[in-house]
Undergrad: 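This is the structure I want to talk about, given as structure tokens.
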Amino acid sequence: MKRIEMEVSGGCQCGAVRYHATAMFDNSHLCHCRMCQKASGNIFAALVAAPDDALTWTRGKPSVWKSSELVERGFCANCGTPLFFHHLENGRTNLMIGSLDDPHAFSPLANTCTENMVAWFDTITGIENTGATENNGADWAAAIKESSNQHPDHDTTSWTARVRDG
């Protein structure tokens, strides 16, 4: 696995937890294991690793749940965004690609744990593409944009995350 010196930032949806990395590994992948499916609430987790020595939490701290003896998973306790998968013994933290400010920077290079891959995974690229939200529900998209509590896809000097209800 190759270490790449580069600047990367990301965080949760509400902005309560933000991170910055000064290096990444070239291991971007889609993990189909049941733990990643459950942790992401999706059919796979899109992950790419940062060396632990290059990763800092710049706003807040993630909550952590130990999903096995070897693995802990981090998330925002306020908004619930899954943030990472961390193997406790290998010196790297696999960040959820969707939590990066620029998720386009890391296209997946492999599928892993494919024994749990859903049977219809290979059909995804062939299904209908209905286009941009604004083209299919302009009023709805405008209302969401107007009332969005989502943190922008870049670092901010200050940000007040809205505390979840209940």
Undergrad: Phe84 and Phe75: ring pair (Phe, Tyr, Trp, His ring centres under 6.0 Å), yes or no, with the steps?
TA: CA-CA 7 Å; Phe84 67 82; Phe75 60 96; 8.9 Å; no
Undergrad: Might you work through the side chain to side chain donor-acceptor pair (under 3.5 Å) test for Tyr19 and Thr93, ending with a clear yes or no?
TA: CA-CA 12 Å; Tyr19 59 83; Thr93 298; over 6 Å; no
Undergrad: So if you build clusters from Ile, Leu, Val, Met, Phe, Trp, Tyr with side-chain heavy-atom gaps below 4.5 Å, do Ile124 and Val118 land together?
TA: yes
Undergrad: Under 3.5 Å, side chain of His29 to main-chain N/O of Cys31, donor-acceptor pair present?
TA: no
Undergrad: Could you report the tightest heavy-atom contact between Asp101 and Asp155, atom names first, then the distance?
TA: OD2-N, 4.2 Å
Undergrad: Test your reading of the model: is there a side-chain donor-acceptor pair from Gln37 to the backbone of His32, 3.5 Å cut-off?
TA: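 Judged by distance alone, yes, a pair lies under 3.5 Å.
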Undergrad: Does Glu7 have any side chain to side chain donor-acceptor pair (under 3.5 Å) partners at least two apart in sequence or in another chain, and if so, which?
TA: His20
Undergrad: Measure the spacing between SG of Cys113 and CZ of Arg34 and express it to the nearest 0.5 Å.
TA: 12.5 Å
Undergrad: Using the side-chain contact (heavy atoms from CB on, under 4.5 Å) rule, take Met24 and Arg3 through it: C-alpha gap first, then chi angles, then the decisive distance, then the call.
TA: CA-CA 6 Å; Met24 298 296 287; Arg3 181 180 172 127; over 6 Å; no
Undergrad: Using atom types as modelled and distance alone, determine if a side-chain donor or acceptor of Ser63 lies under 3.5 Å from a backbone N or O of Cys76.
TA: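 Not confirmed, Ser63 side chain does not pair with Cys76 backbone.
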Undergrad: Please collect all salt bridge (charged side-chain N to carboxylate O under 4.0 Å, His left out) contacts where either partner lies in residues 59-70, sequence neighbours excluded, each pair once.
TA: Lys66-Glu69
Undergrad: Given side chain to side chain donor-acceptor pair (under 3.5 Å), test Asn94 with His86 step by step and report yes or no.
TA: CA-CA 6 Å; Asn94 282 279; His86 180 240; over 6 Å; no
Undergrad: According to a 4.5 Å side-chain heavy-atom criterion applied to Ile, Leu, Val, Met, Phe, Trp and Tyr, with indirect links allowed, do Leu55 and Phe85 form part of one hydrophobic cluster?
TA: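 Not linked; separate clusters.
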Undergrad: Looking at Met117, is its backbone amide N or carbonyl O close enough to the side chain of Thr114 to form a donor-acceptor pair, meaning the two atoms are under 3.5 Å apart?
TA: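 No; zero donor-acceptor contacts below 3.5 Å.
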Undergrad: Got a sec, which residues hit side-chain contact (heavy atoms from CB on, under 4.5 Å) with Pro82, two or more places apart in sequence or on another chain?
TA: Met96
Undergrad: Looking at every heavy atom in both Ala45 and Cys36, which two are closest together, and how far apart are they?
TA: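 Looking at all heavy atoms of both residues, the shortest contact is CB-CB, 3.6 Å.
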Undergrad: Quick check: closest heavy atoms across Leu30 and Phe121, and the distance to 0.1 Å?
TA: CD1-CZ, 3.8 Å
Undergrad: Show the nearest heavy-atom pair for residues Ile97 and Phe106, with the distance to one decimal.
TA: CD1-O, 3.5 Å
Undergrad: Which pair of heavy atoms, one from Gly11 and one from Leu83, lies closest together, and at what distance?
TA: C-CD2, 3.7 Å
Undergrad: Could you tell me whether the side chain of Asn27 and the main chain of Val48 form a donor-acceptor pair under 3.5 Å?
TA: no
Undergrad: Quick one, Leu88 and Val71 - any side-chain contact, counting heavy atoms below 4.5 Å?
TA: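 Not touching, per the 4.5 Å side-chain cut-off.
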Undergrad: May I have the step-by-step check of side-chain contact (heavy atoms from CB on, under 4.5 Å) for Met35 and Ser68, ending in yes or no?
TA: CA-CA 9 Å; Met35 281 190 176; Ser68 72; 4.1 Å; yes
Undergrad: Could you check whether Arg92 pairs with Asp52 (Lys NZ or Arg NE/NH1/NH2 to Asp/Glu carboxylate O, under 4.0 Å)?
TA: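 Asp52 and Arg92: not salt-bridged.
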Undergrad: Answer with yes or no whether the side chains of Arg18 and Thr58 bring together a donor and an acceptor at under 3.5 Å.
TA: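 On atom types as modelled, these side chains do not qualify, holding no pair under 3.5 Å.
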